[in-house]
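Below is one structure, written out as structure tokens, with a few remarks after it.
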2 protein chains.
Amino acid sequence: MSFSHFDAEHCFINKFTTLIAGKWKPILLYLIQNDINRFSLMMEHVPNISRKVLTEQLRGLESDGLIYRDELKSKAPKVVIYHLTEKGEKLRQLVDEIIRWGMTYDKEEVPDEMKKILDSDFAQ
Amino acid sequence: MSFSHFDAEHCFINKFTTLIAGKWKPILLYLIQNDINRFSLMMEHVPNISRKVLTEQLRGLESDGLIYRDELKSKAPKVVIYHLTEKGEKLRQLVDEIIRWGMTYDKEEVPDEMKKILDSDFAQ
DNA sequence: ACAATAAGTTACCGAACGGTTACCTTGATT
DNA sequence: AATCAAGGTAACCGTTCGGTAACTTATTGT
């Protein structure tokens, strides 16, 4: 096999990491998949995130086609529900494999309390 | 299942993307695995990368335990050979799954010339 | 009429990341 | 003695990313 030049633009891994690599994006995808799917719910479950950044990350996931917004019309204060798209669900499957990799390979780097959680059905 | 608060520090996906998400890191891992394993070889095969950034990315991969430096002593001009560690090889396997995901799911976003390459045994 | 609430938006800031250019070190070759 | 080549390091710069704090909009219950 001979190698020509390489271009970061066409690298699949970079495409993948661009999709997933906002600080809060993997967590948001996980939450949305588990019905923590409204702005205020996410604010409750993710401390240390600001409204602005939450909005940005959600908009990013949306414009990459991983989630979609369902804005319920004629509701009291505005109600928006986020859902995974098909693409988002497929990505989540891949994400689950990475988590499995992390659990088996990276286990010694995980704090003890986290291990208990990981041994249950819970995985961030 | 009930949800408590979420912390980006303990997110496996973030750990993974931190390992892999330098602009050139996936490409460098791929090259090293395929014996393009010296500084000057990498400079040849990755146009648009500077010495400084190549050094930084390699140092990052090294300090994350994905590659190691083998500096051949008493050589004419300095010779350094990079190798994947065991951890690096395991990571590459995961990376291959992501590439497979990219090839099947993301195919329509790939330029034609790239498809030919991807259909062969070549994958960045 | 007015306050409360969901879901934002705007202005601003500091740190991190990738990039450019120039310089350095060490041993081999001429 | 001078030069070349491999593999860097140092100084500097602009953009992007996450974060803080304050302001906005629309509707519904009191």
Side-chain angles (χ1 to χ4, degrees), chain A residues 5-9 11 13-15 17-28 31-32 35-64 67-83, chain B residues 5-9 11 13-15 17-28 31-32 35-64 67-83:
Chain A
H5 62 95
F6 281 73
D7 184 357
E9 314 285 303
C11 172
I13 311 299
N14 283 348
K15 287 186 181 180
T17 52
T18 308
L19 289 181
I20 206 77
K23 180 168 175 184
W24 307 98
K25 284 183 183 176
I27 290 173
L28 295 179
L31 289 177
I32 292 171
D35 299 321
I36 311 289
N37 54 10
R38 293 177 49 186
F39 197 89
S40 46
L41 280 173
M42 296 181 207
M43 285 297 289
E44 285 168 30
H45 288 275
V46 187
N48 306 324
I49 197 172
S50 67
R51 299 174 175 288
K52 187 207 121 192
V53 174
L54 178 52
T55 306
E56 280 174 1
Q57 304 266 307
L58 288 171
R59 293 283 186 273
L61 291 170
E62 192 190 5
S63 72
D64 286 330
I67 64 175
Y68 63 94
R69 277 168 47 97
D70 184 13
E71 183 164 347
L72 304 187
K73 287 291 179 193
S74 70
K75 273 284 181 179
K78 183 155 74 174
V79 171
V80 178
I81 298 187
Y82 292 93
H83 303 271
Chain B
H5 62 94
F6 281 74
D7 184 357
E9 314 284 305
C11 173
I13 311 302
N14 282 348
K15 287 185 182 181
T17 51
T18 308
L19 288 181
I20 206 77
K23 180 168 176 184
W24 306 99
K25 284 182 183 176
I27 290 172
L28 296 179
L31 289 177
I32 292 171
D35 298 322
I36 312 291
N37 53 10
R38 293 178 50 185
F39 196 91
S40 47
L41 280 173
M42 297 181 207
M43 286 297 291
E44 283 169 32
H45 288 276
V46 187
N48 306 325
I49 196 171
S50 66
R51 297 173 176 289
K52 186 206 122 193
V53 174
L54 179 51
T55 306
E56 279 175 1
Q57 304 267 306
L58 289 171
R59 293 286 186 271
L61 291 171
E62 193 191 2
S63 69
D64 285 330
I67 64 174
Y68 63 94
R69 277 167 48 96
D70 184 13
E71 183 163 347
L72 304 186
K73 288 292 179 192
S74 70
K75 274 283 182 180
K78 185 155 70 173
V79 171
V80 177
I81 299 187
Y82 291 92
H83 303 271

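In what follows, every chain begins at residue 1, and chains take the letters A, B, ... in the order their sequences are listed.
In this structure, E44(B) places its CD atom 13 Å from P of dA5(D), rounding to the nearest Å. Per the geometry, CG belonging to L72(A) stands 18 Å off P belonging to dA26(D), to the nearest Å. Regarding M43(A), its CE atom lies at a distance of 10 Å from the P atom of dT20(D), rounded to whole Å. Between the P atom of dG18(D) and the CD1 atom of I27(A) lies a distance of 12 Å, rounded to the nearest Å. Atom CD of E71(B) is separated from atom P of dA6(D) by 15 Å (rounded to the nearest Å). R38(B) has its CZ atom 14 Å from the C1' atom of dG8(D), to the nearest Å. Per the geometry, CZ belonging to R69(B) stands 8 Å off C1' belonging to dG7(D), to the nearest Å. Taking atom CZ on F39(B) and atom P on dT9(D), their separation rounds to 8 Å, with Å as the unit.
Between I32(A) and M42(A), the closest side-chain pair of non-hydrogen atoms falls below 4.5 Å. V46(B) is not listed as a side-chain neighbour of L54(B), based on a closest heavy-atom distance of 4.5 Å or more. The side-chain heavy atoms of F39(B) and L58(B), taken from C-beta on, include a pair separated by under 4.5 Å.
Qualifying side-chain hydrogen bond (donor to acceptor under 3.5 Å, both in side chains) partners for E62(A), counting only residues two or more places apart in sequence or in other chains: none. Residues satisfying the side-chain hydrogen bond (donor to acceptor under 3.5 Å, both in side chains) test with E71(A), not counting sequence neighbours, are R69(A).
Between Y82(A) and dA7(C), a side-chain N or O to OP1/OP2 separation shorter than 4.0 Å is absent. Contact check, Q57(B) against dG18(C): a side-chain N or O comes under 4.0 Å of OP1 or OP2.
Between the side chain of N48(B) and the backbone N or O of D7(A) there is no donor-acceptor pair closer than 3.5 Å.
Contacts of T55(A) with the nucleic acid, taken as non-hydrogen atoms under 4.0 Å apart, include base atoms.
To the nearest 0.5 Å, atoms CG (N37(B)) and CG (L28(B)) are separated by 12.0 Å.
Relative to the side chain of R59(B), the nucleotides dG8(D), dG7(D), dA7(C) differ in distance, and dG8(D) lies closest.
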For nucleotides 19-30 of chain C, just jot down a letter per nucleotide in 5' to 3' order: B, S or -, based on protein non-hydrogen atoms under 4.0 Å. BB------SS--

